[in-house]
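These figures come from a predicted structure and were not determined experimentally.
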Amino acid sequence: MWVFAFFDLPVETKKQRRAYARFRKDLLEDGFSMMQYSVYYRHCASHENAVVHVNRMGKCVPAEGEVRFMVITDKQFSKIRTFVGRARQAMPDAPAQMEMF
């Protein structure tokens with residue numbers, strides 16, 4: 001499963017910029033990676049694990065602005081097409097799942 005975080009947070013005041021930076025730092029500490037500005041993603045082993053991360057990050061959302069989370073499957077993620085200019089870029093390989101006994 002993949003969790004996406006899409007956000008639009010105000011950065012007009014010093015307090016808002018701090019809240020934006022804190023939220024971005026929280027995403028990175030929780031294992032999210034930046035796909036593009038204000039779009040972050042994270043791989044999760046299961047839907048239940050994805051829900052845990054969505055709930056955890058939902059508690060970190062600043063008082064102002066808007067954040068949306070979306071959970072998709074590996075198959076849906078593999079269908080993402082990326083274009084830079086007019087040339088198609090290959091997607092990076094999905095991380096290998098680690099099994100613990």
Side-chain angles (χ1 to χ4, degrees):
M1 303 298 300
W2 292 86
V3 177
F4 283 84
F6 307 93
F7 56 93
D8 185 16
L9 302 174
V11 290
E12 296 169 356
T13 67
K14 190 172 185 176
K15 182 179 178 182
Q16 290 172 336
R17 284 189 295 275
R18 259 193 236 122
Y20 166 87
R22 179 74 240 175
F23 181 69
R24 185 180 176 282
K25 185 177 179 184
D26 289 340
L27 283 171
L28 294 171
E29 287 176 356
D30 196 49
F32 281 79
S33 299
M34 186 171 78
M35 181 174 270
Q36 62 188 56
Y37 295 119
S38 299
V39 179
Y40 285 69
Y41 69 106
R42 182 190 199 292
H43 187 263
C44 295
S46 66
H47 186 271
E48 291 77 17
N49 184 246
V51 170
V52 167
H53 288 283
V54 169
N55 290 338
R56 179 182 304 142
M57 295 315 304
K59 293 176 184 175
C60 299
V61 172
E64 298 179 76
E66 185 175 314
V67 179
R68 296 172 190 260
F69 293 96
M70 179 173 63
V71 178
I72 64 172
T73 64
D74 288 333
K75 186 172 184 176
Q76 291 167 324
F77 184 83
S78 71
K79 292 181 181 182
I80 293 174
R81 295 177 59 202
T82 303
F83 295 89
V84 177
R86 294 184 184 259
R88 183 167 187 259
Q89 294 281 339
M91 284 298 295
D93 293 334
Q97 290 186 343
M98 192 162 71
E99 292 184 24
M100 305 197 97
F101 298 97

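- The closest side-chain heavy-atom distance from Thr73 to Met1 is below 4.5 Å.
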Verdict with supporting geometry, Asn49 and Arg42, side-chain contact (heavy atoms from CB on, under 4.5 Å):
CA-CA 11 Å; Asn49 184 246; Arg42 182 190 199 292; 4.2 Å; yes
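- From Leu9, atom CG reaches atom CD of Gln16 across 9.5 Å, with rounding to the nearest 0.5 Å.
- Note on Val51: it does not cluster hydrophobically with Ile72, by side-chain heavy-atom contacts below 4.5 Å among ILVMFWY residues.
- His43 places a side-chain heavy atom less than 4.5 Å from the side chain of Asp74.
- Remark: Phe69 engages no residue in a ring-ring contact (aromatic ring centres under 6.0 Å, His included) (not counting sequence neighbours).
- In terms of hydrophobic clustering, with Ile, Leu, Val, Met, Phe, Trp and Tyr side chains grouped at heavy-atom distances under 4.5 Å, Phe77 and Met70 are assigned to a common cluster.
- Of all non-hydrogen atoms in Pro10 and Gly65, the two that sit nearest each other are CD-CA, 3.6 Å.
- Here the closest heavy-atom approach between residue Ala50 and residue Cys44 is recorded as CA-SG, 3.7 Å.
- Atom-to-atom distance recorded for Trp2:CH2 and Ser78:OG is 10.5 Å, nearest 0.5 angstrom.
- Phe23 and Phe7 have perpendicular rings, their planes meeting at more than 60° on a 0 to 90° scale where under 30° would count as parallel.
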Sequence neighbours left out, cut at 3.5 Å: what donor-acceptor pairs do the side chains of residues 27-36 make with other protein atoms?
| from | atom 1 | to | atom 2 | distance (Å) |
| --- | --- | --- | --- | --- |
| Asp30 | OD1 | His53 | ND1 | 3.3 |
| Asp30 | OD1 | Arg56 | NH1 | 2.6 |
| Asp30 | OD2 | His53 | ND1 | 2.8 |

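- Rounded to the nearest 0.5 angstrom, Phe4 CZ and Ile80 CD1 are separated by 4.0 Å.
- Here the SG atom belonging to Cys60 is positioned 14.5 Å from the CZ atom belonging to Arg24, to the nearest 0.5 angstrom.
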